[in-house]
Protein chains: 2
Amino acid sequence: MVRKTKEDAEITRQRIIKAARELFSQNGVSKTSLEKIAKHAGVTRGAVYWHFENKTALFHIMREQVFLPFIDRIDDTLLASTSEKNPLKRIENFLLATIHTLNEDQATRQTYEVLMIKCEYVDELADVLQQILINCSDIVEKIEQVYQDAHRQHLINSNHSPADLAMDTHLFFGGLLHMWVKDIEGKRFRNHAEALVKTHINLRQR
Amino acid sequence: MVRKTKEDAEITRQRIIKAARELFSQNGVSKTSLEKIAKHAGVTRGAVYWHFENKTALFHIMREQVFLPFIDRIDDTLLASTSEKNPLKRIENFLLATIHTLNEDQATRQTYEVLMIKCEYVDELADVLQQILINCSDIVEKIEQVYQDAHRQHLINSNHSPADLAMDTHLFFGGLLHMWVKDIEGKRFRNHAEALVKTHINLRQR
DNA sequence: CTATTTACATACATTCATGTTTGTATATAA
DNA sequence: TTATATACAAACATGAATGTATGTAAATAG
């Protein structure tokens, strides 16, 4: 009952990734053995080792499956002025869209949980931190552009530099995401995330 | 060479805690065995198990050694109007003081690192998240009081509620701390943390 | 001064995770 | 049609971590 077709193999591969993500988000990366992942995916460790080098590789792939699409979508919401003319609204929509994805897409939600409170950034995962920092810088730059735009349109109520505003917004949102993830019951942050975003943007509005 | 005096025992106890903190922050909680902790502290696992129930207990104690004093000191900087009259300045000073402690005190720095990027909040550690949320709520409340004060003194440039401002500040600072910890090189955040805080507070000033 | 804790060190038992190797049925290429 | 590579399963070997149980010398209580 072995030697599946190429498509079958890809299916198993994806099932393993899904199983890993689910178990990572349930029990943390360290306490999730490849044996458990295999069992949860309905295969043996042989299959896991066939498709992936080790647990770390699985972690990276899980991360990429969420973040590569995310990075691709940034420009659409944030920089595309076709949909929304008001720059401040574009920033707001970008933040809201991220929250929305967290609410709607389980894979994204699980991945964020793993990345924020269910893995340890040491050894092979230590350099992921660098990646995160670089990603953040990119996002801040883009937000800065939009604030710059808003500034030119005299939509901003202070004379702070767009760079300062962008960084402040980014830190705010980073903090919000962290609390969102930690607030498993949802009472404190998950239910109010949208309002918090709107308030934050509102603070800049003339 | 056994059976130390009570003071000696307390010294070993503290050495074990210190060893745990150092190894946790170097290699993460999961990859730090009690054997390694014992060796690093110059004792055997017997001593560790004598003083602590298990690794989780050590984690909690490490956390408390930093957070209990921190909570105690909050009111001093934040609510004591004796030192600083300007409420906005008091908030700023509170945030700056926290950054300052991170810069100066190695134990605090290591503990923050462990709590934010080198442990997994699952199983026995899952309820620490609840603790964190509660702590945050307390801090937000206190910040809110100070903003309320600032509002009454007409120091604030917007008509947003003190509660909104407090939450926004808290999320900003949470985000900042997370980036601070992740930015091990220091180029992106650690070196600019104070400026970022001042900018944030400045955004509220009339 | 003796009995009893105390503060560990040492030894033991068990479990679990990892990586590698080997076996194998079948899809696929030639 | 046959040879080979593929997609796994199964078995093997190793190492590491945990918890507990036992041993023990010295501090301390009575």
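Lettering of chains follows the sequences in order, A, B, ..., and the numbering in each one begins at 1.
One atom, NZ of B:Lys6, and another, C1' of D:dT28, lie 10 Å apart when rounded to the nearest Å. Distance, B:Lys31 NZ to D:dA16 C1': 13 Å, rounded to whole Å. Atoms CG (A:Asn54) and P (C:dG19) sit 6 Å apart, rounded to a whole Å.
Looking at heavy atoms from C-beta onward, A:Leu129 lies out of side-chain contact with A:Leu133 at the 4.5 angstrom threshold.
Across A:Phe67, A:Phe24, A:Trp180, a single residue satisfies ring pair (Phe, Tyr, Trp, His ring centres under 6.0 Å) together with A:Tyr112, and that is A:Phe67.
Of the residues in residues 7-23 of chain A, not one places a heavy atom less than 4.0 Å from an atom of DNA chain C. For DNA chain D, the neighbouring residues in residues 32-51 of chain B, judged by any heavy atom under 4.0 Å, are B:Ser33, B:Leu34, B:Lys36, B:Arg45, B:Tyr49.
By the salt bridge (Lys or Arg N to Asp or Glu O under 4.0 Å) test, A:Arg63 is found to be paired with no residue, residues two or more places apart in sequence or in another chain being considered. Under the rule for a salt bridge (Lys or Arg N to Asp or Glu O under 4.0 Å), B:Glu194 has no partner lying at least two apart in sequence or in another chain.
Between A:Phe189 and B:His170, the two ring planes are parallel [angle under 30°; tilted spans 30° to 60°].
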request  = Carefully, step by step, assess B:Arg204 and B:Leu155 under the rule side chain to side chain contact (heavy atoms under 4.5 Å, CB included).
outcome  = CA-CA 8 Å; B:Arg204 279 116 167 76; B:Leu155 299 170; over 6 Å; no

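Applying the side-chain hydrogen bond (donor to acceptor under 3.5 Å, both in side chains) rule to pairs touching residues 134-143 of chain A yields A:Asp75-A:Lys142, A:Ser137-B:Arg188, sequence neighbours excluded.
A close approach under 4.0 Å does occur between a side-chain nitrogen or oxygen of A:Thr5 and OP1 or OP2 of C:dT28.
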Side-chain donor-acceptor distances from residues 37-47 of chain A under 3.5 Å, at least two apart:
| residue | atom | partner | partner atom | Å |
| --- | --- | --- | --- | --- |
| A:His40 | NE2 | A:Glu22 | OE1 | 2.8 |
| A:Thr44 | OG1 | A:Gly46 | N | 3.3 |

